[in-house]
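Inspection log for the structure reproduced underneath, given as C-alpha cells.
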Amino acid sequence: MSASAAGPAAPGLLCAFAVTRTPPDPSGLAAARGHEEGGPLRVLHAGGLCLVVQDVPADLFGEEALTERLNRPEDLERCARAHHRGVEAAAGRGPVVPLPMATLYRGDLTAARAVAARRQVLDTLLDRLRDHTEWAVKVHAAEAEPEAAAATGPGAPARSGDGGRGYLSRVSARRREQQGARGKALAEAEAVDAALRRHAVAATRHRPQSERLTGRRAPQLLNAAYLVEDARRADFTAALARFTAGGTHPAVRVDASGPWIPYSFARWDEDPQADPDPRADPDQEADPDPQAHPVQEAPS
C-alpha cells in the first residue's frame with residue numbers, strides 16, 4: 001500500500017485488518033480481540049465489501065509512536081498477534097484479503113474510499129483465495145555432527161609428524177567438503193520446492209531467516225509459502241510428510257506449518273493474476289517492516 005506522510009495527529013485512527021465479502025458472525029467478532037489499546041472490532045461496509053476495523057488511539061498508533069513501539073521486539077510481536085486475531089475474526093464466513101500489519105486510516109471515509117478504489121483487485125483476490133490455504137515450509141541445511149567437525153576441522157589435533165603442509169591440506173580438504181555439502185543441501189532444497197510446487201496453485205519465497213531468528217546453527221536455505229487448493233490438500237500434505245519425516249533428502253531438514261490464511265498471496269497492491277514466482281523476488285522480506293505502512297490519507 002502506498003501512502004503519503006501523515007499530518008498532525010487526529011483524535012483517533014482506524015486500524016484495518018482484512019477485507020471480505022461476507023460480514024463475520026457478530027458474536028464471534030464481539031468475542032475477538034484486536035489491539036489491547038483499541039475499541040471493539042467492527043465491520044465497515046465499503047462498496048459492497050466488508051472491512052474489519054478497530055478504532056485505536058492516535059497517541060499510540062500515530063506514525064512516529066507506532067514506529068518507536070514496533071522497533072521493540074516485544075511490542076512488534078504483540079502487534080503482530082493482535083493483527084492476526086483481527087484477520088482470523090474476519091475469516092469466519094468466507095475468504096479474506098488480509099491487509100499489511102499496521103494499516104491505518106484517518107477515519108471511516110478514508111478507509112472506505114481506499115477499499116472502493118481497489119474493488120476490482122480485491123474481488124479478483126477474493127475469488128482466487130476462496131477454498132485455498134497457505135502452507136509455510138522452511139528448509140535448513142542438516143547440522144554436522146560436532147564430533148565429525150572437530151575431527152576434521154582446522155582446529156583438529158596435529159597428527160604425529162604432521163607439518164604445516166599437512167595442516168593446510170586438511171584445511172583445504174575441509175573447505176572443499178563444506179562447499180560440497182552446501183551445494184548438495186541447496187540442490188535438495190530446490191528439489192523439495194519443485195516437488196511441493198506440483199501440488200500447489202502458487203508459491204513464493206521469502207528471504208531466508210538469520211540464525212538469530214531461527215535459533216539454529218545451520219543456515220536456512222528455503223523460506224517458502226505455498227497456496228494450496230483445499231481439494232488438493234491431501235496430495236500436498238502427503239508430499240510434505242515425506243520431506244518432514246527425513247531420510248529422502250539427508251542433506252536438509254524440512255519444517256512446515258499450516259494451513260494458514262493466505263497472507264503471502266493477498267497483496268492487493270500487485271496484479272493478483274500474476275504468478276508470484278519466487279525467483280522473480282528472492283529478497284522479499286518475511287518479517288513485517290514496521291515503517292512500511294504509515295497512516296493512510298484520503299485519496300485525491
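Hydrogens, waters and symmetry mates play no part in the numbers below; they use all other heavy atoms, side chains included.
Val53 is not listed as a side-chain neighbour of Tyr105, based on a closest heavy-atom distance of 4.5 Å or more. Side-chain contact between Val228 and Pro259 is absent, with no heavy-atom pair separated by less than 4.5 Å. Looking only at side-chain heavy atoms (C-beta outward), His140 and Asp255 come within less than 4.5 Å of each other. Between Leu51 and Leu99 there is a side-chain heavy-atom pair separated by less than 4.5 Å. Counting only heavy atoms from C-beta outward, the side chains of Leu14 and Asp55 approach each other to under 4.5 Å. Put simply, the side chain of Thr237 reaches to within 4.5 Å of the side chain of Trp135, judged on heavy atoms. Two residues are said to be in side-chain contact when any heavy atoms from C-beta on lie closer than 4.5 Å; Phe17 and Pro98 fail this criterion.
Of the listed residues (Asp193, Thr204, Thr133), just one forms a side-chain hydrogen bond (donor to acceptor under 3.5 Å, both in side chains) with Tyr226, and that residue is Asp193.
Across every non-hydrogen atom of Cys50 and Pro23, the tightest pair is SG-CG, 3.6 Å. Annotation for Ala91 and Val96: closest pair CA-CG1, 3.4 Å, computed over non-hydrogen atoms. The two residues Glu134 and Ala225 make their nearest non-hydrogen contact at OE2-CB, 3.5 Å. Contact between Arg128 and Ala202 at its shortest, heavy atoms only, is NH2-CB, 3.5 Å. Closest non-hydrogen pair, Ala80 versus Met101, comes out as CA-SD, 3.4 Å. In terms of heavy atoms, Gly86 sits closest to Leu41 at CA-CD1, 4.1 Å.
Within a 6.0 Å sphere centred on CZ of Arg81, other residues, nucleotides and ligands contribute 12 heavy atoms or fewer. Atom CD of Glu74 is surrounded by more than 12 heavy atoms from other residues, nucleotides or ligands within 6.0 Å.
Rounding to the nearest 0.5 Å places CG of Asp131 at 14.5 Å from CZ of Arg232. The structure places CG of Leu13 at 12.5 Å from OG1 of Thr103, a figure rounded to the nearest 0.5 Å. In this structure, CD in Glu68 is found 10.5 Å from CG in Leu60, a value given to the nearest 0.5 Å. Interatomic distance, Arg42 CZ to Leu29 CG, rounded to the nearest 0.5 Å: 10.5 Å. Here the NE2 atom belonging to His249 is positioned 10.0 Å from the CZ atom belonging to Arg242, to the nearest 0.5 angstrom. In this structure, Arg119 CZ and Leu126 CG are separated by 9.0 Å, a value rounded to the nearest 0.5 Å.
A donor-acceptor contact shorter than 3.5 Å links the side chain of Asn223 to the backbone of Arg207. Here the side chain of Arg216 pairs no donor or acceptor atom with the backbone of Leu213 at under 3.5 angstrom.
In this pair, Phe61 and His35 present their aromatic rings perpendicular. The plane angle is above 60°, beyond the 30 to 60° band. Ring geometry for Tyr263 versus His83: interplanar angle of 30 to 60°, hence tilted.
Residues Val137 and Trp260 are members of separate hydrophobic clusters, defined by side-chain heavy-atom contacts under 4.5 angstrom among Ile, Leu, Val, Met, Phe, Trp and Tyr. Both Leu186 and Leu196 sit in one connected hydrophobic cluster of ILVMFWY residues. Membership requires side-chain heavy atoms under 4.5 Å apart, directly or through other members. Taken together through direct or relayed side-chain contacts under 4.5 Å among Ile, Leu, Val, Met, Phe, Trp and Tyr, Ile261 and Leu49 form parts of separate hydrophobic clusters. If you chain together hydrophobic residues whose side chains sit under 4.5 Å apart, Val19 and Leu44 fall into the same group.
By the salt bridge (Lys or Arg N to Asp or Glu O under 4.0 Å) test, Glu37 pairs with Arg69, sequence neighbours left out. Not a single side chain to side chain donor-acceptor pair (under 3.5 Å) links Arg85 to another residue, sequence neighbours left out. A search for salt bridge (Lys or Arg N to Asp or Glu O under 4.0 Å) contacts involving Asp25 returns Arg93, not counting sequence neighbours.
Ion pairing of Arg198 with Asp235 is absent here, as no side-chain N (NZ or NE/NH1/NH2) approaches a carboxylate O to less than 4.0 Å. In this structure, Glu188 pairs ionically with Lys184, as a charged nitrogen and a carboxylate oxygen lie closer than 4.0 Å. Using a 4.0 Å cut-off between charged side-chain N and carboxylate O, Asp127 and Arg21 make a salt bridge. A salt bridge is absent between Glu63 and Arg106; no separation between the charged side-chain nitrogens and carboxylate oxygens falls under 4.0 Å.
With ring centers used as reference points, His132 lies 6.0 Å or more from Phe265.
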Using the rule given for side chain to side chain contact (heavy atoms under 4.5 Å, CB included), can you reason through Leu104 versus Leu66, listing the C-alpha separation, both sets of side-chain angles and the distance that settles it, and then say yes or no? CA-CA 11 Å; Leu104 298 160; Leu66 188 61; 3.6 Å; yes
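No side-chain N or O of Thr214 forms a donor-acceptor pair with one of Gln220 less than 3.5 Å apart.
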